[in-house]
Amino acid sequence: MIKKKIRKLVEETVKNFWGEIKKLNFEVEKPKKEIYGNYSTNVALVLKNKVNLSPLEIAEKIVSKLRDNTFVFEKIEIAPPGFINFWISTNYYIDNLKKILELKEEYGKLDLGKGKRVLIEFVSANPTGPLHIGHGRGAAYGDSLARVLEFTGYKVFREYYINDKGTQMNVLGESVYLRAKELSGEKIQFPEDHYKGKYIYDIAKEALKLYPDLLSLEKEQAIEICRNLAIKLILEDIKKDLENFRVFYDNWYSEDDLYKSGKVEKVLQVLREKDLIYEKEGALWFKSTNFGDEKDRVIIRSNGETTYFAGDIAYHYEKFMERGFDVAINIWGADHHGYIGRLKAALQAFEIDSEKLKIILIQMVNLIEGGEKKSMSTREGEFLELKELVNKVGVDATRFIFLSRSPDSPLDFDVDLAKSKSQENPVYYVQYAHARICSVFEKAKENGIDKIFWENIDLKALNEKEEIELLKKLEEFCEVIESASISFAPHKITYYLLEIAKQFHEYYSKHRILTDDSKLTYARLGLCFACKTILKTGLNLLGVSAPEKM
RNA sequence: GCCCCUGUAGCUCAGUAGGAUAGAGCGCGAGAUUCCUAAUCUCGAGGUCGCAGGUUCGAAUCCUGCCAGGGGCGCCA
């Protein structure tokens, strides 16, 4: 990465002149204006308080040294009030192009993680109904983040936590039971707080088919049957939806199993021994206020039922203490934000560094259809299922749109726009660039240019303005990957891909790749191949396909 | 009342461990195809970065207060 390289060179030079300087926080960045070079640094401005010279004098000294490095720098200038502006030599970029051609899909891989083990838990929707479009955003984000972290040297484990225990499951079972009765012609009263979705009827039908004598059974027993069947069918449906959406897990973790294994009881015992549990009003409370939470939290209700929190404490204890993950990332809907304090408190109770748990909140998804904005509210039954959305829009466009926003930003999903296969839809813009390049290589093949050995190609023929600009853009890829990984922000890759596609399209429309000059043709093919490689790698990190034909 | 997120072009959004004259796409207006994919390209118009203070050589970015929108403040998950 050229940015890193400049930083290192500047640091060395500073050290040379003034020795080790504490807290030297300077920037190397890409200026917006071309007249300020390809990169610039404010180091002289930052140094003025540490060294007894004016920024311009400091800059002068540093530059006098750096100018020697002609392989990297073509030109270095100083601009008031003390910026140092660098122009990078084309040789450097050509050299980088060679690297891309050599490493191909491996180019851009980094070792930020150094093999650290990361658990990413995402979606984890309750098995009480099908996935909707909000879950889709979490799925796209979590999966892409997992891909990015893997690409940058982490050992990633993907997990789905199934809340298959507790009151909600009984409500689910009873909902199915009641619908089964209804289907058999009985008059029923369906409670307001039960699951009203249409899918409940489908499960009820299945239940009646599998257990013809269902309704003659004891009510308790029948409900249990309905409950288990409902969980099974809904989970299968969720799994299928996710697989369709190209999201796969290493593990599906059942809350029910967590209890059956005795781990919850074990963890509560540990808390008891630490004197962090007390009884009040018939319930059992955890002293989360000891660790900065707003209030203490119930873990066993007065009716004897455990809360969701109890299982979560055990689950997270296990993530760190027994399974030994270095980092755990939880991806939640923003509506769960009030839950963070208590979970981090629980970790602290076990003397686990709560910084190891990263909780990412994803803002809401609003649906726009026919120009109308609809909020996704489960309560109102006004929600679009993920599978419907994917059927209408397709996996690629859906994922691309989900990954074109920062998770902090609420997302308006415009279904009509997503469906349109026109210039309005950015995903095709990127994919088209890839397909176009593939098509050029097809054409080249027809002209007898087949197996190309890149190491034998002279790339110095690249000197058009658009070519140099592309070379520079390609060089930024590693930085983008690094930034996406460090800040858990796959959308940075999305934006980068749009930029590189744009530059490629510009280039393509202005210059011919296949020319009469074979030396030039090969060099241009090299550039094209690098663009194609980076587009493919980037799209793959988003979980979007890179088609060869469109 | 408290907590979290958001407020940047007509619309949807990037840009926030401070940097120089604030960006993109869409939409709008005008153009480009005998030639490797027009799902493309070129040009143009479009801004008090919610408001007010503060920190400093320098603030969309950091701090404080306010305004507006969304979400959350259960012995639900």
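Within every chain, numbering begins at 1; the chains are lettered A, B, ... in the order of the sequence lines, protein sequences first and strands thereafter.
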A:Tyr308 atom OH is separated from B:rG72 atom C1', nearest whole Å, by 16 Å

With sugar-phosphate meaning primed atoms plus P, OP1 and OP2, does A:Pro410 contact a base, only sugar-phosphate, or nothing at under 4.0 Å between heavy atoms?
sugar-phosphate

Show the nearest heavy-atom pair for residues A:Leu403 and A:Ala140, with the distance to one decimal.
CD2-O, 3.7 Å

Rounded distance (Å) that lies between atom C1' of B:rC75 and atom CD1 of A:Ile277:
15 Å

Would you mind classifying the nucleic acid contact of A:Glu548 as base, sugar-phosphate or nothing, using non-hydrogen atoms under 4.0 angstrom?
base

From the list B:rU37, B:rU6, B:rG70, which nucleotide is the closest neighbour of the side chain of A:Asp408?
B:rU6

Taking only the side-chain nitrogens and oxygens of A:Lys443, find out if one of them lies under 4.0 Å from OP1 or OP2 of B:rC35.
no

Is A:Ile78 close to A:Asn85 at the side-chain level, that is, under 4.5 Å between some pair of heavy atoms?
no

Rounded to whole Å, how long is the line connecting atom CG of A:Asn366 with atom P of B:rG69?
15 Å

Which part of the nucleic acid, if any, lies within reach of A:Leu498 when heavy atoms closer than 4.0 Å are counted: base, sugar-phosphate only, or nothing?
nothing

Just call it for A:His337: base, sugar-phosphate, or nothing, with non-hydrogen atoms closer than 4.0 Å on any strand.
base

Between the base of B:rA77 and the side chain of A:Asp312, is one N or O donor paired with an acceptor at under 3.5 angstrom?
no

Any N/O donor-acceptor pair, A:Glu281 side-chain to B:rC75 base, under 3.5 Å
yes

Suppose we call a contact any N or O donor and acceptor under 3.5 Å apart; does that hold for the side chain of A:Thr307 and the base of B:rC75?
no

Ignoring backbone atoms, establish whether A:Arg524 has a side-chain N or O less than 4.0 Å from OP1 or OP2 of B:rC36.
no

Looking at every strand, decide which applies to A:Ser409 at a 4.0 Å heavy-atom threshold: base, sugar-phosphate, or nothing.
sugar-phosphate

Nearest-Å distance for atom pair NE2/P, residues A:His505 and B:rU37
13 Å

Kindly assign one of parallel, tilted or perpendicular to the pair A:Tyr508 and A:Phe504, based on the angle between their ring planes and the thresholds 30° and 60°.
tilted

Among the nucleotides B:rA77, B:rC73, B:rC13, whichever has the atom closest to the side chain of A:Asp412 is B:rC13

Counter-base of B:rG25, judged by Watson-Crick or G-U geometry with both distances under 3.5 Å
B:rC11

Quick check: closest heavy atoms across A:Tyr429 and A:Lys502, and the distance to 0.1 Å?
OH-CA, 3.0 Å

Can you tell me the Watson-Crick or wobble partner of B:rA45, both distances under 3.5 angstrom?
none

So what does A:Arg405 hit on the nucleic acid, given a heavy-atom distance under 4.0 Å: a base, only sugar-phosphate, or nothing?
sugar-phosphate

For A:Tyr161 together with A:Tyr315, are the ring centres under 6.0 Å from each other?
yes

Euclidean distance for P, B:rC62 against B:rU16 (whole angstrom)
10 Å

Just wondering, are more than 12 heavy atoms of other shown residues or ligands nearer than 6.0 Å to NZ in A:Lys536?
no

Taking the six-membered ring of A:Phe86 as reference, does the cationic atom of A:Lys75 (NZ for Lys, CZ for Arg) lie under 6.0 Å from its centre and within 45° of its axis?
no

Give the rounded distance in Å between these two atoms: OH of A:Tyr39 and C1' of B:rG19.
16 Å

Distance test, side-chain N/O of A:Tyr429 to OP1/OP2 of B:rC41, below 4.0 Å
yes

Quick check, are the ring centers of A:His505 and A:Tyr432 under 6.0 angstrom apart?
yes

Would you mind telling me which of B:rA20, B:rC41, B:rC73 lies closest to the side-chain atoms of A:Ser40?
B:rA20

Whole-Å P distance, B:rU8 and B:rA14
11 Å

For A:Asp293 and B:rC2, what is the distance between atoms CG and P respectively, to the nearest whole Å?
18 Å

Report the base-pairing partner of B:rU61 (Watson-Crick or G-U wobble, both distances below 3.5 angstrom), or none.
none

Complement of B:rU40, any strand, by Watson-Crick or G-U distances under 3.5 angstrom
B:rA32

Separation of B:rA38 P from A:Glu506 CD (nearest whole Å)
15 Å

Any A:His336 side-chain nitrogen or oxygen under 4.0 Å from OP1 or OP2 of B:rC73
no

P atom, B:rG15 versus B:rG23: distance in rounded Å?
16 Å

Distance between C1' atoms of B:rC51 and B:rA68 (Å, rounded):
11 Å

Spacing of the C1' atoms in B:rG25 and B:rG71 (rounded, Å):
28 Å

Tell which nucleotide pairs with B:rA68, taking only Watson-Crick or G-U wobble pairs whose two distances are both under 3.5 angstrom.
B:rU6

Does A:Tyr432 make a side-chain N or O approach to OP1 or OP2 of B:rA39 shorter than 4.0 Å?
yes

If B:rA20 has a Watson-Crick or G-U wobble mate with both distances under 3.5 Å, name it; if not, just say none.
none

Quick one: A:Tyr141 OH to B:rC5 C1', roughly how many Å, whole number?
14 Å

With P as the reference atom in both, quote the distance from B:rU6 to B:rU48 in angstrom, rounded to an integer.
22 Å

Give me the distance, rounded to whole Å, that separates B:rG69 from B:rA30 when you measure between the P atoms they each carry.
39 Å

So which protein N/O to nucleotides 21-23 of chain B N/O distances come out below 3.5 Å?
from: B:rU21; atom 1: O2; to: A:Lys33; atom 2: NZ; distance (Å): 3.3

What's A:Glu29 touching, base or sugar-phosphate or nothing? Going by heavy atoms closer than 4.0 Å.
sugar-phosphate

With a 6.0 Å cut-off on the ring centroids, do A:Tyr308 and A:Tyr339 count as close?
yes

Below 4.0 angstrom from OP1 or OP2 of B:rG25, is there any side-chain N or O of A:Lys502?
yes

Contact nearer the 5' end of RNA chain B, comparing A:Lys280 with A:Thr515
A:Thr515

Just checking, any donor-acceptor pair under 3.5 angstrom between side chains of A:Ser124 and A:Glu121?
yes

On the side chain of A:Asn42, is there an atom forming a donor-acceptor pair with the base of B:rG19 - under 3.5 Å, no angle test?
yes

Hey, does A:Phe309 reach any base, or is it just sugar-phosphate, or nothing, if we go heavy atoms under 4.0 Å?
nothing

Quick check on RNA chain B: between A:His511 and A:Asn163, whose nearest nucleotide comes earlier from the 5' end?
A:His511

P gap between B:rA52 and B:rG70, integer Å
24 Å

Does the side chain of A:Arg297 get closer than 4.0 angstrom to OP1 or OP2 of B:rG74 through an N or O atom?
no

May I ask you to say what A:His434 touches in the nucleic acid, namely base, sugar-phosphate or nothing, with a heavy-atom cut-off under 4.0 Å?
nothing

Both conditions, 6.0 Å and 45 degrees, for the charged tip of A:Arg405 above the ring of A:Tyr141: are they met here?
no

Test: A:Lys319 cationic atom under 6.0 Å from A:Tyr317 six-membered ring centre, within 45° of axis:
no

Base, sugar-phosphate, or nothing for A:Lys549, non-hydrogen atoms under 4.0 angstrom?
base

